[in-house]
Participant: 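What follows is a single structure, and I will ask about it in a moment.
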Amino acid sequence: MSIVITRFPPSPTGYLHLGGARTALFNWFYARHTKGRFVLRIEDTDAVRSTQESVDAIFEALEWLGIDWDEGPYFQSQRFHIYEEYVQKLIHTGNAYYCTCSSEKLDAMRQLAMATGGKPKYDGSCREKGLKKSCDSVVRFRAPLSGTTVIRDVVKGNIVFQNSEQDDFIIQRSDGTPTYNFVVVVDDITMGINTIIRGDDHVNNTPRQIMLYKALGASLPVFGHVPMVLGKDKTRLSKRHGATSVTAYRDMGFLPEAMINYLIRLGWSYGDQEFFTREELIEKFSLENIGKSAGVFDMDKLLSLNADHIKATPPSMLSSHLLPFLKSKGYCAEQGDYLEKVIHTLNARSKTLEEMAEAARFYYADCISYEPDAVAKFFKPEAVKPLKLLVDKIDGLPDFTIKSLENVFSSVMEITELKLGKIAQPVRLALTGKSASPGIFEIMEILGKEQVLTRLNQAINFILKLSH
RNA sequence: GUCCCCAUCGUCUAGCCCGGUCCAGGACAUCGGCCUUUCACGCCGACGACAGGGGUUCGAAUCCCCUUGGGGACGCCA
């Protein structure tokens with residue numbers, strides 16, 4: 001085969017959800033891995049449900065994930081003349097015919113079939129009538145009545161369907177617009193798509209599409225049906241399961257790299273490896289190791305992977321991702337040395353960017369508010385003495401570094417005969433307002449002498465006021 | 001109802017194709033411990049699975065059949 005050409009064909013009837021993102025990723029990585037091409041196609045033949053907002057939302061999500069395309073975006077709504085041409089082609093070759101059965105009649109047939117234990121299908125009433133086009137006619141594909149159609153699926157193996165199970169499905173509606181199974185095939189043929197990776201909810205569509213390929217005399221693409229992503233209750237992922245749009249995860253503070261890693265690894269494996277960068281995925285992703293069974297979406301695992309990616313991203317790279325979260329909390333944060341130092345103290349203790357921004361509050365806050373529980377525990381009268389000593393000694397410090405601060409603490413420990421813990425916790429509370437934080441020496445160095453003294457004095461006054 | 005797919009720890013999975021090296025390995029979560037100025041990180045350990053039943057075989061997580069369970073599809077939606 002020449003080069004691999006894959007595609008991602010979302011329909012713009014909503015945001016990009018996790019399942020859709022995953023198929024996009026599978027196609028994109030496979031194209032990149034094989035140095036092939038990736039085509040984006042918007043399936044907007046349903047004029048009623050398709051919206052520009054959805055198109056924009058999909059672009060936004062793809063951009064965030066870092067998925068770019070080599071061709072397109074094509075819009076099916078602009079290709080109706082091509083579909084019309086192919087409809088005529090099928091009619092002329094006898095592979096399609098006009099049908100005037102009413103939808104009421106069809107509905108009734110379906111109901112009856114379901115009730116009596118059969119598969120709902122069109123009964124072929126108009127198949128041999130040789131009807132002409134009329135205002136309420138649809139075009140149906142003349143499907144083979146017997147034999148089998150087999151999907152040679154790269155992930156599931158061969159899947160065999162009895163042709164007797166299929167019916168003469170509609171390829172063009174009475175309003176003249178073409179239907180899904182038909183446009184997909186026409187597009188994939190005319191766009192040269194030779195590798196189709198999609199969710200396995202499409203398996204049942206595939207025999208119909210294969211029939212169309214054959215009727216059109218086109219060669220079949222490689223099919224790969226990947227299992228779906230399920231919610232905790234093991235049903236198809238939906239609004240019920242909380243956030244399902246990709247961009248919602250961006251807003252919660254996930255890194256695109258983590259999202260990609262998680263989504264690809266859910267349903268695909270590379271031995272025992274769990275962590276992958278985008279580059280590694282391009283290098284290692286292939287169709288062979290895609291699993292056959294559906295996977296349950298697990299927030300905890302995503303969270304853990306996000307933490308790993310946060311740790312693995314250099315502070316200078318992470319800052320642009322973190323900045324919006326800092327800003328939305330109203331901090332006066334800006335790109336630069338200070339922010340990078342801040343990140344350096346926080347990146348091993350944050351599972352999301354949102355969490356990290358929250359933890360960074362004391363680095364940007366003007367006045368510190370103390371956690372009540374911590375106040376009760378650490379702001380006792382006896383904490384004043386070491387704090388005062390600290391203030392004095394720090395004030396006279398020629399250089400304000402971790403090393404010199406360590407020395408200051410040691411001498412205060414000696415004078416007061418207190419253990420480090422007894423001194424450190426009140427200081428931590430004074431500096432951050434909390435009982436848990438990064439190491440106090442690194443915090444102090446970043447905050448700077450002036451700010452540290454201010455906060456220490458504030459705390460001393462606070463304690464004094466408390467004890468009166 | 002009919003058709004299709006799937007089945008290893010709670011979850012994601014390795015192993016399955018080419019049976020023995022698997023009283024089943026890794027990761028997340030959970031629980032212990034170590035490290036430590038706190039919280040994390042890190043490290044060490046524990047818990048925990050071959051859905052059930054029949055075959056085939058000297059031997060089955062691996063091959064075959066059945067049952068059960070789960071998912072998906074059955075539109076003039078995509």
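Model, not experiment: these values are computed from the prediction.
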Participant: Distance only, no hydrogens: is a donor on one side chain within 3.5 Å (strictly under) of an acceptor on the other, for A/Ser77 and A/Asp44?
Facilitator: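 Judged by distance alone, the side chains do pair up.
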
Participant: Taking the side chain of A/Asp300 as heavy atoms from C-beta outward, which of B/rU37, B/rA29, B/rU13 is closest to it?
Facilitator: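 It is B/rA29.
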
Participant: Does B/rC34 have a Watson-Crick or wobble partner in any strand here, with both distances under 3.5 angstrom, and which is it?
Facilitator: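 Base partner found: B/rG42.
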
Participant: Should B/rA29 form a Watson-Crick or G-U wobble pair with both distances under 3.5 Å, which nucleotide is its partner?
Facilitator: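 Paired with no nucleotide.
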
Participant: Treat primed atoms plus P, OP1 and OP2 as sugar-phosphate and everything else as base, then score nucleotides 65-78 of chain B 5' to 3': B for base contact with protein heavy atoms under 4.0 Å, S for sugar-phosphate contact only, - for none.
Facilitator: ------SBSBSBBB

Participant: Determine the contact category for A/Ala436: base if any of its heavy atoms lies under 4.0 Å from a base atom, sugar-phosphate if only primed atoms, P, OP1 or OP2 are that close, otherwise nothing.
Facilitator: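 Counting heavy atoms under 4.0 Å across all strands, the contact made by A/Ala436 includes a base.
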
Participant: State which residues pass ring-ring contact (aromatic ring centres under 6.0 Å, His included) with A/Phe441; sequence neighbours excluded, sorted by chain then number.
Facilitator: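 Applying ring-ring contact (aromatic ring centres under 6.0 Å, His included) to A/Phe441 gives A/Phe409.
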
Participant: Say we look at B/rA7 and B/rA14: how far apart would their P atoms be, to the nearest angstrom?
Facilitator: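 Result for the P pair: 10 Å, nearest Å.
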
Participant: Tell which nucleotide pairs with B/rA14, taking only Watson-Crick or G-U wobble pairs whose two distances are both under 3.5 angstrom.
Facilitator: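 Pairing partner: none.
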
Participant: Under 4.0 Å, counting only non-hydrogen atoms across every strand here, what does A/Glu274 touch: a base, just sugar-phosphate, or nothing?
Facilitator: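 Base contact.
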
Participant: Indicate, yes or no, whether a donor-acceptor pair under 3.5 Å links the base of B/rU13 to the side chain of A/Arg265.
Facilitator: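 Flag unset: no donor-acceptor pair detected.
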
Participant: B/rG15 and B/rC63: how far apart are their P atoms, nearest whole angstrom?
Facilitator: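 It comes out at 13 Å once rounded to the nearest Å.
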
Participant: Looking at A/Lys301 and B/rA27, is any side-chain donor or acceptor paired with a base atom of the opposite kind under 3.5 Å?
Facilitator: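 When only heavy-atom distances are counted, A/Lys301 does reach the base of B/rA27 through a donor-acceptor pair under 3.5 Å.
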
Participant: Using the P atom in both, what is the distance from B/rA49 to B/rU8, to the nearest Å?
Facilitator: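 It comes out at 14 Å once rounded to the nearest Å.
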
Participant: Are side-chain N/O atoms of A/Asp136 and A/Ser174 paired as donor and acceptor at under 3.5 Å?
Facilitator: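 Absent: no donor and acceptor within the cut-off.
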
Participant: Anything under 30° is parallel, anything over 60° is perpendicular, the rest tilted; go ahead and classify A/Phe379 against A/Tyr370.
Facilitator: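 It falls in the perpendicular class, over 60°.
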
Participant: Suppose you measure atom C1' in B/rC9 against the same atom in B/rC22; what distance do you get, rounded to whole Å?
Facilitator: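 Looking at atom C1' only, B/rC9 and B/rC22 are 15 Å apart.
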
Participant: Can you see whether A/Phe378 has A/Arg428 sitting over its ring - NZ or CZ less than 6.0 Å from the centre and within 45° of the normal?
Facilitator: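 The answer is no, since A/Arg428 fails at least one limit relative to A/Phe378.
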
Participant: Considering only atom P, compute the distance from B/rC6 to B/rU13 and round it to an integer number of Å.
Facilitator: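 Approximately 15 Å lies between the P atom of B/rC6 and that of B/rU13.
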
Participant: Hey, is the side chain of A/Gln273 pairing donor to acceptor with the base of B/rG26 inside 3.5 Å?
Facilitator: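 Side chain to base: no pair below 3.5 Å.
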
Participant: What I'd like to find out is whether the side chain of A/Val226 reaches to under 4.5 Å of the side chain of A/Arg198, using heavy atoms alone.
Facilitator: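 No. Closest side-chain heavy atoms not under 4.5 Å.
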
Participant: RNA chain B: A/Arg428 or A/Asn158, which has the more 5' nearest nucleotide?
Facilitator: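 Final value for this comparison: A/Asn158.
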
Participant: Using whole Å, what does the distance between atom C1' of nucleotide B/rC41 and atom CD1 of A/Ile343 come to?
Facilitator: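 In whole Å, B/rC41 C1' and A/Ile343 CD1 are 17 Å from each other.
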
Participant: Among B/rC39, B/rA14, B/rC5, which is the nearest nucleotide to the side chain of A/Asp272?
Facilitator: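 Side chain of A/Asp272 sits closest to B/rA14.
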
Participant: NA contact type, A/Ser437, heavy-atom cut-off 4.0 Å: base, sugar-phosphate, or nothing?
Facilitator: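 Touches a base.
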
Participant: Can you check the distance between B/rU21 and B/rC16, where both ends of the measurement are the C1' atom (answer in whole Å)?
Facilitator: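 Roughly 15 Å separates the two C1' atoms.
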
Participant: Heavy atoms only, 4.0 Å cut-off, all strands: where does A/Gly267 land among base, sugar-phosphate and nothing?
Facilitator: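 Since only primed, P, OP1 and OP2 atoms lie under 4.0 Å of A/Gly267, the category is sugar-phosphate.
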
Participant: Under 4.0 Å between any heavy atoms, over every strand shown, what does A/Ile440 touch: base, sugar-phosphate, or nothing? Just pick one.
Facilitator: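 It contacts base atoms.
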
Participant: For A/Lys351, report the nucleic acid contact type (base, sugar-phosphate, nothing); a contact means any heavy atom under 4.0 Å.
Facilitator: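 Sugar-phosphate, no base atom in range.
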
Participant: Select base, sugar-phosphate, or nothing to describe what A/Phe275 touches, counting heavy atoms under 4.0 Å on all strands.
Facilitator: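 The answer is nothing, as A/Phe275 stays clear of every strand by at least 4.0 Å.
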
Participant: Across all strands shown, which nucleotide pairs with B/rC74 by Watson-Crick or G-U wobble geometry, both distances under 3.5 Å?
Facilitator: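 In the structure as shown, B/rC74 has B/rG1 as its Watson-Crick or wobble partner.
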
Participant: With rounding to whole Å, what would you report as the distance between B/rU62 and B/rG70 at their C1' atoms?
Facilitator: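 So the two C1' atoms sit 22 Å from each other.
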
Participant: At under 4.0 Å between heavy atoms, what does A/Ser293 touch on the DNA or RNA strands: base, sugar-phosphate, or nothing?
Facilitator: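 If one applies the 4.0 Å heavy-atom cut-off, A/Ser293 turns out to touch the sugar-phosphate alone, with no base involved.
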
Participant: Looking only at N and O atoms, is any donor in the side chain of A/Arg349 or the base of B/rC39 less than 3.5 Å from an acceptor on the other one?
Facilitator: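 Looking at the base of B/rC39, it does pair with a donor or acceptor on the side chain of A/Arg349 (distance under 3.5 Å).
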
Participant: With no hydrogens and no angle check, just 3.5 Å: does a side-chain donor-acceptor pair link A/Tyr15 and A/Thr244?
Facilitator: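 Indeed, the side chains of A/Tyr15 and A/Thr244 share at least one donor-acceptor pair under 3.5 Å.
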
Participant: So what's B/rC63 paired with, Watson-Crick or G-U wobble, going by both distances under 3.5 Å?
Facilitator: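 With both distances under 3.5 Å, B/rC63 matches B/rG55.
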
Participant: Between B/rA60 and B/rG54, how many Å separate the two P atoms, rounded to a whole number?
Facilitator: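 Their P atoms lie roughly 13 Å apart.
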
Participant: If you measure only the distance, is there a donor-acceptor pair under 3.5 Å linking the side chains of A/Asn158 and A/Arg152?
Facilitator: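 Looking only at side-chain atoms, A/Arg152 and A/Asn158 do form a donor-acceptor pair, the distance falling under 3.5 Å.
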
Participant: Check every atom of B/rU11, B/rU37, B/rC4 against the side chain of A/Asp298 and return the nucleotide holding the closest atom.
Facilitator: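 Nearest nucleotide to the side chain: B/rU11.
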
